[in-house]
Amino acid sequence: MAWLTRFLAAVAFLAFGILFSPETFGSKSDGGYSSTLSTSLKMAHLLCFSTGFGAALWVTFIGGIIMFKHLPRHQFGNLQSKMFPAYFTLVGVCSAVSVGAFGYMHPWRTASSSERYQLGFLLSSLAFNLSNLFVFTPMTIEMMKKRHKVEREESIGEEVGWSKNVEVAKVNPKLAAMNKKFGMIHGLSSLANIMSFGSLAMHSWYLAGKLSL
């Protein structure tokens with residue numbers, strides 16, 4: 001019920017925004033696009049881009065670090081295993097909508113070099129997110145669960161922040177091998193996430209250049 005209330009409040013604000021912008025219902029412009037369609041596509045692109053960029057900024061640089069510093073490590077990992085699929089789905093959907101809206105407004109054959117680069121950045125963000133959602137994240141979660149099992153046998157994993165894992169791994173070859181594999185997969189996932197965020201960041205500079213204040 002709380003989620004529905006917030007959603008309806010957001011829709012209400014959007015409706016008021018449309019009511020106070022009657023020019024969005026004007027005549028056809030922009031080379032055949034109706035003003036309503038043009039504004040709707042721009043709004044979809046802007047909202048999805050800002051949502052994806054904001055989510056990536058928060059999860060990558062703020063939320064994840066705070067949780068790591070204050071939650072027991074296994075609890076932190078289990079929470080991340082639930083949060084990351086939802087996070088990559090959200091950013092992936094937002095990137096897909098942004099690609100569709102931007103591509104529709106700037107067809108490849110008539111687009112400028114700058115617009116083609118921007119479409120490339122958005123497509124890159126989408127591709128990196130999909131690779132995380134369907135490849136790296138499932139592999140990371142599976143490996144994490146296996147490592148948690150071994151760590152519980154060694155009575156570690158409930159500490160907050162930096163782990164006792166490294167010390168235990170020195171005398172436990174199985175755990176050491178798991179650490180190496182987990183580190184590789186998690187590193188690829190983190191790299192894909194940073195590349196996705198970077199692609200969105202580059203597009204933000206393009207959008208800023210289009211503002212008229």
Side-chain angles (χ1 to χ4, degrees), residues 3 48-99 117 120-205:
W3 181 89
C48 287
F49 166 79
S50 58
T51 298
F53 184 82
L57 178 66
W58 174 263
V59 171
T60 304
F61 299 105
I62 303 174
I65 295 174
I66 292 174
M67 287 187 288
F68 176 77
K69 288 183 176 180
H70 294 88
L71 290 177
R73 196 166 55 81
H74 281 185
Q75 185 178 338
F76 166 74
N78 290 330
L79 177 59
Q80 295 285 75
S81 71
K82 302 298 182 183
M83 186 179 72
F84 272 105
Y87 160 61
F88 289 126
T89 298
L90 171 65
V91 180
V93 169
C94 287
S95 296
V97 173
S98 292
V99 166
Y117 278 123
F121 292 146
L122 293 173
L123 284 169
S124 295
S125 177
L126 176 59
F128 284 123
N129 268 285
L130 291 180
S131 68
N132 248 327
L133 179 61
F134 294 113
V135 181
F136 299 131
T137 295
M139 293 173 65
T140 302
I141 293 173
E142 181 183 3
M143 197 66 224
M144 179 201 72
K145 290 180 178 178
K146 292 180 179 178
R147 192 170 71 157
H148 279 187
K149 183 178 179 181
V150 174
E151 288 177 332
R152 283 193 295 269
E153 294 173 355
E154 297 287 347
S155 300
I156 61 173
E158 295 307 316
E159 64 277 4
V160 176
W162 296 108
S163 171
K164 299 176 182 177
N165 174 292
V166 177
E167 291 300 319
V168 176
K170 292 178 181 179
V171 294
N172 188 325
K174 182 178 180 181
L175 182 57
M178 284 184 169
N179 287 345
K180 184 177 181 180
K181 187 174 181 180
F182 177 84
M184 180 185 68
I185 299 171
H186 186 264
L188 290 173
S189 177
S190 297
L191 177 61
N193 183 54
I194 288 294
M195 293 299 291
S196 173
F197 176 78
S199 297
L200 293 176
M202 286 187 281
H203 187 62
S204 70
W205 183 261

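Here, residue 1 is the first one in the sequence, and each next residue gets the next number.
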Quiz: residues 65-72 side-chain donor-acceptor pairs under 3.5 angstrom, not counting sequence neighbours:
unit_1	atom_1	unit_2	atom_2	d
His70	ND1	Ile66	O	2.9

For residues 76-85, tabulate all N or O donor-acceptor pairs below 3.5 Å that involve a side-chain atom, not counting sequence neighbours.
unit_1	atom_1	unit_2	atom_2	d
Asn78	ND2	His74	O	3.2
Ser81	OG	Asn78	O	2.6

Would you list the atom pairs, donor with acceptor, under 3.5 Å between side chains in residues 50-62 and any protein atom, with sequence neighbours excluded?
unit_1	atom_1	unit_2	atom_2	d
Ser50	OG	Leu46	O	2.8
Ser50	OG	Leu47	O	3.0
Thr51	OG1	Leu47	O	2.7
Thr60	OG1	Ala56	O	2.7
Thr60	OG1	Asn193	ND2	2.8

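To the nearest 0.5 angstrom, Thr89 atom OG1 is 9.0 Å from Leu130 atom CG. Between atom CD of residue Glu159 and atom CZ of residue Arg73 there is a gap of 5.0 Å, rounded to the nearest 0.5 Å. Between atom CD1 of residue Ile141 and atom NE2 of residue His148 there is a gap of 11.0 Å, rounded to the nearest 0.5 Å. Between the CG atom in Leu175 and the CD atom in Glu153 there is a gap of 10.0 Å [rounded to 0.5 Å]. From Glu158, atom CD reaches atom CD of Gln75 across 8.0 Å, with rounding to the nearest 0.5 Å. To the nearest 0.5 Å, atom CD1 of residue Ile156 and atom CG of residue Asn172 are 8.5 Å apart.
Applying the 6.0 Å contact sphere to CE of Met202 captures more than 12 heavy atoms from other residues, nucleotides or ligands.
The main-chain N or O of Lys149 is never found under 3.5 Å from a side-chain atom of Glu151 such that the two would form a donor-acceptor pair. With hydrogens and angles disregarded, no donor-acceptor distance shorter than 3.5 Å links the side chain of Glu154 to the backbone of Val168.
Among all heavy-atom pairs drawn from Ala192 and Asn132, the shortest one is CB-ND2, 3.6 Å. In terms of heavy-atom proximity, Val91 sits nearest to Ser196 at CG1-OG, 4.5 Å. Residues Cys48 and Val97 come closest through the heavy atom pair SG-CG1, 3.4 Å.
Every residue meeting the salt bridge (charged side-chain N to carboxylate O under 4.0 Å, His left out) condition with Glu142, not counting sequence neighbours, appears here in chain and number order: Lys146. Under the side-chain hydrogen bond (donor to acceptor under 3.5 Å, both in side chains) criterion, Ser199 pairs with no residue at all, not counting sequence neighbours.
Ser190 places none of its side-chain heavy atoms less than 4.5 Å from the side chain of Phe136. Asn165 has its side chain within reach of Arg147: a pair of non-hydrogen atoms, C-beta onward, lies under 4.5 Å apart. Side-chain contact check for Phe128 versus Ser124: some heavy-atom pair is nearer than 4.5 Å.
Looking only at atom types and distance, the side chain of Ser95 has a donor-acceptor partner in the side chain of Ser125 under 3.5 Å away.
Residues in residues 169-190 take part in these ring-ring contact (aromatic ring centres under 6.0 Å, His included) pairs, two or more places apart or across chains: Phe182-His186.
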